[in-house]
Number of protein chains: 2
Amino acid sequence: MLKISKKADYALMALQHIASVQFGDITPGRVVNTKEIAEEYHIPLELLAKVLQVLSKNGLIESHNGPKGGYLLARSARQITIAQILESIEGPLAITDCSHEKDGDYCMQREHCNIRTPLLKIQDSIYQLLNNMTLGDMLGGTPLITIQSPSAQGVER
Amino acid sequence: MLKISKKADYALMALQHIASVQFGDITPGRVVNTKEIAEEYHIPLELLAKVLQVLSKNGLIESHNGPKGGYLLARSARQITIAQILESIEGPLAITDCSHEKDGDYCMQREHCNIRTPLLKIQDSIYQLLNNMTLGDMLGGTPLITIQSPSAQGVER
DNA sequence: ATGATCTCCGATCAATATGGTCGTACTAAA
DNA sequence: TTTAGTACGACCATATTGATCGGAGATCAT
Ligand code: FES
Ligand code: FES
């Protein structure tokens, strides 16, 4: 449950790879092309290409056309959060399909719904979680994330 | 993205309803039957029935057969966590499909995978989040959940 | 200039997961 | 024994996702 799609998975791998090439190595300005990533991680080439296109369109990476072309991070690895990557591929975070209701399109349960508020809170918490971790964190040291919930232990506030 | 299934949604609604009937009212021992819930929240009857069967099989609720039958919480609302409910319906929490690898069934990327560790950490954080909120929390006061991450402090949404 | 190499983009197909339905058997209270 | 309810398993329809294909543009080397 709560699985993220393969595309999102690929996006994370690709970005991580691009970042690691651009970062720790002696070739700072080197661009990375699709095939290189696809072969390294055994990802279907065309599918990865599509994923990268989307990432590029959403301003996470820059594309360079022609031979010797490829992709480049659009900004520092520390300024790209996991949430941005995932939302870029899979659309806005919506734990339930009526999280972001558009138009007059209410779900039938809306009126008597007893779980909307709590679910939105959970969703928001998850969002914070994802938005507090960056590509940079994935590269370097293991990020430390702690969660505190007053319920289920001593009630504090 | 990260959507939970409708079945899980229904499960939450149903449990919340059962709990609220059993709790705040003057009818402590009253059982709740499937049709009552289905009509109240406009859920397809048969589908809800199936969901409740699963919950019952997993020991979250008790079923009582025959006329005047119905369902009853198996334990206190404070002892049922959101994680338990969701996992009961959708199986174990697995943010990526290779979270819990079984047999020799590795994913192809396993060897060179650069995102496994961070993703598992995120998954664990989400699990804590869900496991720290109980049915009781959803019923009563709004639970307060806070997240603290030392990295990426500047990132705000 | 011209061809080779690469990204870009839209359309399309296949596999899988999900939502929803049906029919029957079983149980316990009235 | 009748009847209102759950239990259970098989089943179909649809939505989502994973993956593929083909061509159009762009850029660089020659
Ligand atoms: S399920 Fe849509 S508002 Fe609660
Ligand atoms: S994707 Fe399977 S181990 Fe990373």
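Note: hydrogens, waters and symmetry copies are ignored here, and every other heavy atom, side chains too, is used. Since the structure is predicted, the reported quantities are computational estimates derived from the model, not experimental observations.
The two residues E90(A) and I4(A) have their closest heavy-atom pair at OE2-C, 3.6 Å. Heavy-atom minimum distance, L73(A) versus I80(A): CD2-CD1, 4.2 Å. Across all their heavy atoms, I85(B) and A11(B) have their closest contact at CG2-CB, 4.1 Å. Looking at every heavy atom in both residues, G69(B) comes nearest to V31(B) through O-CG2, 3.6 Å.
Side chain of S56(A) to backbone of L52(A): no donor-acceptor contact under 3.5 angstrom is found.
The shortest distance between the side-chain N/O atoms of Y10(A) and the OP1/OP2 oxygens of dG18(D) is not below 4.0 Å. The phosphate of dT6(D) has neither OP1 nor OP2 within less than 4.0 Å of any side-chain N or O from S56(B). Considering only side-chain N and O atoms, N65(A) lies nowhere under 4.0 angstrom from the phosphate OP1 or OP2 of dC6(C). Within the structure, every side-chain polar atom (N or O) of T34(B) is placed at least 4.0 Å from both OP1 and OP2 of dG5(D). Side-chain nitrogen and oxygen atoms of S5(A) include none within less than 4.0 Å of the OP1 or OP2 phosphate oxygen of dT16(D).
The side chain of N33(A) lies closest to dC6(C) when the candidates are dA19(D), dG5(D), dC6(C). For K35(B), taking side-chain heavy atoms from C-beta onward, the closest of the listed nucleotides dG5(D), dA30(C), dA19(D) is dG5(D). Distances from the side chain of P67(A) to the nucleotides dT5(C), dC6(C), dC8(C) place dT5(C) closest.
The separation between I4(A) atom CD1 and dT16(D) atom P is 19 Å, rounded to whole Å. For the pair E39(A) CD and dC6(C) P, the interatomic distance rounds to 11 Å; values are reported in whole Å. When the P atom of dA4(D) is taken as reference, atom CG of L45(B) falls 15 Å away, rounded to whole Å. For the pair E36(A) CD and dC6(C) P, the computed distance is 12 Å after rounding to whole Å. The NZ-P distance, from K6(B) to dT21(C), rounds to 12 Å in whole Å. Here dG23(C) presents its C1' atom at 11 Å from CD of E46(B), a figure rounded to the nearest Å. The distance between atom CG of L2(B) and atom P of dA17(C), rounded to the nearest whole Å, is 17 Å. Note: CE (M1(A)) to C1' (dA17(C)) measures 16 Å, nearest angstrom.
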Summarise protein proximity over nucleotides 8-15 of chain D in one line of letters, 5' to 3': B for base, S for sugar-phosphate only, - for none, counting protein heavy atoms closer than 4.0 Å. BBB-----

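Nearer the 5' end of DNA chain D, as judged by each residue's closest nucleotide, is the contact made by L47(A), out of L47(A) and K68(A).
Counting heavy atoms from C-beta on, the side chains of L119(B) and L12(A) come closer than 4.5 Å. A heavy-atom distance below 4.5 Å is not found between the side chains of D137(A) and N132(A).
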